[in-house]
Amino acid sequence: MGDLRTAFNPATEDFGGEMFLPGDPGFDEARMVWNAMIDRRPALIARCKNVDDVIAAVSLAVAQDLPIAIRGGGHDVAGHAVCDEGVMIDLSLMRGVTVDAGGRVAVVEGGALWRDVDKASQAHGLATPGGLISETGVAGLTLSGGIGWLRAKHGLSVDNLIAADVVTADGALVRASEDENPDLLWALKGGGGNFGVVVRLEFALHPIGSEVMFAAPIYALDDGPGPIRAWREFLARHGDRVGSLCEFSTAGGEDFPEKYRGKRVYTLACVYNGDAAEGEALLQPLRELGTMVADFSGRMAYCDVQQLFDTLMPSGDFRCYWKARYLTGLSDEMIDLAMQNAKAAPSDNTLSSLWNFGGATAQVPAEATAFGDRSMGWMYSLDGVWSDPGEDAANIAWARDGWKASERFGHHGRVYLNFPGHGEDGAALTRTSFGSNYRRLVDIKTKYDPENRFRFNQNIAPGA
């Protein structure tokens, strides 16, 4: 491998970022990511300041025959942002966002977080579908789909990706758009970080008022599934206008009546994808389904809604193991299973959720994006969150067991590849999740990364 610092210096005299080797001051801090379970030691961390820095770092990795991990926001639960004995390209200094309000386009650097995009776009009364946690990296979430509150009207994040600039494994800066390298743009729309370092993304923006309607009635798990079943029927009628999930959690803090603190509850969380006043009237029935534990519903700023869940997942404070699968439907039996799993969760910090699909998300043909088939009606996620390393086994087992038990309700074995556990399911699950698009993805991977330099992801291996 040689002296990486010596090897790196000739690559460019104008490297504007920072470089960390094991033992350097700041190395241990630089290798940390959001999930406290992840403890990996790269051979080199290159914290890049611009595209030229990224090109130099990729060229060094290739010259030294090292694999490459890419850190955007560092929020991926599987820890793909950091690797052992490879080059970690850190984009956290590249967070710029510019908005063309007239053209309704946002240009976003590869290390930006969703809060950066939301703030810049909302200054013009615009937004593009992001995630549910504002500290999530834009690139990482987008490249494997991007499921957020605006999906009912505006689809997934990938459905709004109109172009990207990518540094490929040969150190070239490649433009991916409908006019240039359209095969690469197609692959980026759901194919994950398999194809290079995405240093710039362009998104279509949509008019979103500064105020939206957020409904969050909370019901006690012990009071039964009635409100969830009513919510299911409500979304059957209004799922083209409402992005929603039923989130199971534990009541805690002064915002809850004392008698419910420490009890299992579920929240019927909804964002109306339109006028706030209209949404308030439409969502009102969800607040009348029984005795509520609490009700956090109300009209609020869009940027505030985008940050509501941030406190549930503070960076570096918790150990996390998540699993998710798509569901063909949401039967009474699946609801009962989700309630049983929520009751059995070994940590009070753990969440689990039922997510609705439909509307604009469902209207995109399977072959139009690498993300693939949109005919799933729902998703079930099990988000193990705890703090004590001694409780790892119990919490991981809970997520795996619940995920396995839900298999009979699954949608052709497909999973959401942003919530993959820690990658232990391997190539077979990745292949199944991409379905009929997998063969085309292999061909594109072979074209742009024939040596599989970018393999710390839900990996698509290049062809022979």
Do S121 and T128 have side chains that get closer than 4.5 Å, going by heavy atoms? no

Are V54 and M94 packed together at the side-chain level, in the sense that at least one heavy-atom pair is separated by less than 4.5 angstrom? yes

Donor-acceptor under 3.5 Å (D53 side chain, G16 main chain): yes

Between P462 and P450 the two heavy atoms that sit nearest each other are CG-O, 3.3 Å

Electrostatic pair R439:D443 at N-O distance under 4.0 angstrom: yes

Residue list, salt bridge (charged side-chain N to carboxylate O under 4.0 Å, His left out) with R200, at least two apart or on another chain: D165

When you check the side-chain N and O atoms of S381 and W355, is any donor under 3.5 Å from an acceptor? yes

Is there side-chain contact between S433 and Y326, with heavy atoms separated by less than 4.5 Å? no

My understanding is that only residues two or more places apart in sequence, or in another chain, count here; which of them pass salt bridge (charged side-chain N to carboxylate O under 4.0 Å, His left out) with R47? E18, D90

Please report the interatomic distance CG(L308) to OG(S134), rounded to the nearest 0.5 Å. 9.5 Å

Donor-acceptor pair, side chain of R414 and main chain of G372, under 3.5 angstrom: no

side-chain hydrogen bond (donor to acceptor under 3.5 Å, both in side chains) partners of residues 184-197, not counting sequence neighbours, each pair once: N194-N459

Any side-chain heavy-atom pair of I162 and E178 under 4.5 Å: no

For a side chain to side chain contact (heavy atoms under 4.5 Å, CB included) with Q306, tell me which candidate from D118, T136, V117 qualifies. D118

Restricting to non-hydrogen atoms, name the atom on L21 and the atom on A43 that form the minimum distance, rounded to 0.1 Å. CD2-O, 3.2 Å

Given the rule in the side chain to side chain contact (heavy atoms under 4.5 Å, CB included) test, do R264 and M339 qualify, once you have shown the distances and angles that lead to the verdict? CA-CA 9 Å; R264 304 287 187 186; M339 295 184 71; over 6 Å; no

Flag, side chain of N437 to backbone of A366, donor-acceptor distance under 3.5 Å: yes

Looking only at heavy atoms, the pair that brings P42 and V82 closest together is CG-CG2, 3.7 Å

Quick one, F456 and I68 - any side-chain contact, counting heavy atoms below 4.5 Å? no

Do side-chain atoms of R115 reach the backbone of C303 as a donor and acceptor pair under 3.5 angstrom? no

Measuring only between side-chain heavy atoms, which start at C-beta, is V174 closer than 4.5 Å to F195? no

Specify the closest pair of heavy atoms between H412 and T432, including all atoms of both residues, with the distance to one decimal. O-CG2, 3.4 Å

Holding to side chain to side chain contact (heavy atoms under 4.5 Å, CB included), I want the full list of residues that pass it with A360, two or more places apart in sequence or in another chain. none

Residue of the set D183, T446, T430, I460 for which side chain to side chain contact (heavy atoms under 4.5 Å, CB included) holds with L441: I460

When you measure from the side chain of N35 to the backbone N and O of I38, does any donor-acceptor pair fall under 3.5 Å? no

Listing request: all side-chain hydrogen bond (donor to acceptor under 3.5 Å, both in side chains) pairs with a residue in residues 341-350, at least two apart in sequence or in separate chains. N341-Y380

Closest non-hydrogen atom pair between S352 and W398, with its separation: CB-CH2, 4.2 Å

Distance-only, no hydrogens or angles: does the S177 side chain make a donor-acceptor pair with backbone N or O of D179 under 3.5 Å? yes

Can you sort out the partners of Y416 under side-chain hydrogen bond (donor to acceptor under 3.5 Å, both in side chains), two or more places apart, ordered by chain and number? N418

Check: L156 main-chain N/O paired with N160 side-chain donor or acceptor under 3.5 Å: yes

For D159, check salt bridge (charged side-chain N to carboxylate O under 4.0 Å, His left out) against everything at least two apart and list the hits. R374

Interatomic spacing from NZ in K447 to CG in N181 - rounded to 0.5 Å: 6.0 Å

Flag yes if more than 12 heavy atoms outside K445 fall under 6.0 Å of its NZ atom; otherwise flag no. yes

Side-chain touch R400/Y321, heavy atoms, less than 4.5 angstrom: yes

Would you please name every residue forming a salt bridge (charged side-chain N to carboxylate O under 4.0 Å, His left out) with D373, sequence neighbours left out? none

Check: residues 104-113 side-chain donor-acceptor pairs under 3.5 Å, at least two apart:
residue	atom	partner	partner atom	Å
E109	OE1	R95	N	3.2
E109	OE1	G96	N	2.7

Audit row: F15, D52, side chain to side chain contact (heavy atoms under 4.5 Å, CB included) steps and yes/no: CA-CA 8 Å; F15 185 75; D52 287 341; over 6 Å; no

State, to 0.1 Å, how close R71 and S92 come at their nearest heavy-atom pair, and which atoms those are. NH1-CB, 3.6 Å

Contacts satisfying side-chain hydrogen bond (donor to acceptor under 3.5 Å, both in side chains) that involve residues 139-149 (not counting sequence neighbours) are none

For E451, all residues meeting side-chain hydrogen bond (donor to acceptor under 3.5 Å, both in side chains), sequence neighbours excluded: R453

Short side-chain to backbone donor-acceptor contact, R151 and P129, under 3.5 Å: no

Side chain N457, main chain G193, donor-acceptor under 3.5 Å: yes

Please answer whether the main-chain N or O of I208 pairs with a side-chain N or O of Q122 as donor and acceptor at a distance below 3.5 Å. yes

Any heavy-atom pair between the side chains of L132 and E247 that's under 4.5 Å? no

Under the side chain to side chain contact (heavy atoms under 4.5 Å, CB included) rule, collect the residues that match up with D28, sequence neighbours excluded. R31, R41

